[in-house]
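Worksheet for the structure shown next.
Just so you know, residue 1 is the first one in the sequence shown, and it goes up from there.
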Amino acid sequence: SKLQVFGNSYDTPDGTCIRDYINVLDLADAHIKALEYLETGDSCSVNLSTNTGHSVLEVIDVAQKIIGSKINYEIIGRRPGDPAILISSYTEAKNKLGWTPEKSSLEEIVSSMWKHYK
């Protein structure tokens with residue numbers, strides 16, 4: 001089987017979509033901080049992100065290095081409506097919750113996933 005990559009003709013350096021990936025451990029930490037914030041009686045909406053994007057091919061490259069094996073993939077057609085880049089800012093989460101992502105380097109995300117599934 002092959003991993004399907006949806007398009008390589010986006011206006012990005014390698015033609016694949018760029019997304020803002022975040023480690024689930026950082027998400028859990030942010031949710032704990034959000035619960036603590038709610039105890040103040042206030043509420044808010046914030047983005048939980050890294051302010052950094054990585055292309056699909058960058059993710060595949062890092063994953064291949066970490067697992068020590070080639071990942072078979074194929075480029076297929078773009079999905080309708082897929083934007084080239086989706087990145088958000090965690091500034092409000094930092095200001096209101098005191099939260100910043102600390103475990104969300106691409107290498108750390110893939111390494112922790114690999115350890116979990118291995």
Side-chain angles (χ1 to χ4, degrees):
S1 65
K2 292 181 182 179
L3 175 68
Q4 294 180 328
V5 176
F6 294 98
N8 65 347
S9 61
Y10 291 93
D11 187 17
T12 63
D14 67 17
T16 62
C17 291
I18 293 176
R19 298 292 183 261
D20 189 343
Y21 299 96
I22 187 166
N23 193 314
V24 68
L25 297 174
D26 279 333
L27 284 176
D29 182 49
H31 282 84
I32 290 167
K33 290 187 182 298
L35 289 170
E36 292 167 353
Y37 183 84
L38 289 172
E39 289 177 348
T40 68
D42 205 0
S43 67
C44 65
S45 293
V46 298
N47 289 320
L48 301 177
S49 64
T50 65
N51 295 347
T52 304
H54 301 283
S55 75
V56 174
L57 292 182
E58 286 177 306
V59 174
I60 291 170
D61 183 55
V62 167
Q64 289 178 137
K65 290 175 184 167
I66 289 171
I67 69 172
S69 181
K70 182 171 174 25
I71 295 173
N72 293 320
Y73 67 90
E74 65 179 329
I75 307 291
I76 62 171
R78 291 168 62 156
R79 294 182 294 197
D82 250 354
I85 300 171
L86 279 178
I87 299 171
S88 69
S89 168
Y90 65 85
T91 301
E92 284 295 307
K94 182 178 181 180
N95 293 340
K96 292 187 177 185
L97 307 179
W99 176 86
T100 58
E102 297 183 3
K103 297 173 175 40
S104 287
S105 72
L106 188 54
E107 292 78 9
E108 198 162 359
I109 292 170
V110 174
S111 290
S112 65
M113 179 275 315
W114 181 242
K115 287 176 191 171
H116 176 75
Y117 287 105
K118 195 173 174 187

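- In this structure, the side chains of Ser49 and Asp20 come closer than 4.5 Å at one or more pairs of heavy atoms.
- A donor-acceptor pair shorter than 3.5 Å cannot be found between the side chains of Thr40 and Asp42.
- A single hydrophobic cluster is not seen to contain both Tyr117 and Ile22; linkage of ILVMFWY side chains at heavy-atom distances under 4.5 Å, directly or through other members, places them apart.
- A heavy-atom distance below 4.5 Å is found between the side chains of Ser43 and Leu38.
- Under the 3.5 Å distance criterion, the side-chain polar atoms of Asn51 are matched with a main-chain donor or acceptor of Tyr90.
- In terms of heavy-atom proximity, Asp82 sits nearest to Cys17 at OD2-SG, 4.4 Å.
- Between Lys94 and Pro101 the shortest side-chain heavy-atom distance does not fall below 4.5 Å.
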List the steps and the verdict of side chain to side chain contact (heavy atoms under 4.5 Å, CB included) for Gln4 and Glu74.
CA-CA 5 Å; Gln4 294 180 328; Glu74 65 179 329; 3.9 Å; yes
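- In this structure, the side chains of Phe6 and Val56 stay at 4.5 Å or more apart for every pair of heavy atoms.
- Rounding to the nearest 0.5 Å places OG1 of Thr50 at 11.0 Å from CG of Leu48.
- Atom NE2 of His54 sits about 12.0 Å away from atom OG1 of Thr16, to the nearest 0.5 Å.
- Within the 4.5 Å cutoff, side-chain heavy atoms of Tyr73 are placed close to those of Leu57.
- The shortest heavy-atom contact between Ile109 and Ser104 is CD1-O, 3.6 Å.
- Shortest non-hydrogen contact noted between Ser55 and Asp14 is OG-OD2, 2.5 Å.
- Closest approach of Lys33 to Trp99, counting heavy atoms only: CD-CB, 3.7 Å.
- Taking CG of Leu25 as the reference point, atom OG of Ser112 lies at 6.0 Å (rounded to 0.5 Å).
- Side-chain atoms of His31 come within 3.5 Å of backbone N or O of Leu27 as a donor-acceptor pair.
- The number of heavy atoms from other shown groups lying within 6.0 Å of CG (Asn72) is above 12.
- Tyr10 and Ile87 end up in different hydrophobic clusters when Ile, Leu, Val, Met, Phe, Trp and Tyr side chains are linked at under 4.5 Å.
- Cluster membership check: Ile18 does not share its hydrophobic cluster with Ile60, using side-chain heavy-atom separations under 4.5 Å among Ile, Leu, Val, Met, Phe, Trp and Tyr.
- Note on Ile66: it clusters hydrophobically with Ile71, by side-chain heavy-atom contacts below 4.5 Å among ILVMFWY residues.
- Shortest non-hydrogen contact noted between Val46 and Cys44 is CG1-SG, 4.0 Å.
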Would Tyr21 and Val110 count as a side chain to side chain contact (heavy atoms under 4.5 Å, CB included) here? Give the steps.
CA-CA 10 Å; Tyr21 299 96; Val110 174; over 6 Å; no
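- With hydrophobic clusters built from ILVMFWY side chains whose heavy atoms lie under 4.5 angstrom apart, Trp114 shares a cluster with Leu106.
- In terms of heavy-atom proximity, Glu102 sits nearest to Glu108 at O-OE1, 4.0 Å.
- The main-chain N or O of Lys103 is found under 3.5 Å from a side-chain atom of Asp26 such that the two form a donor-acceptor pair.
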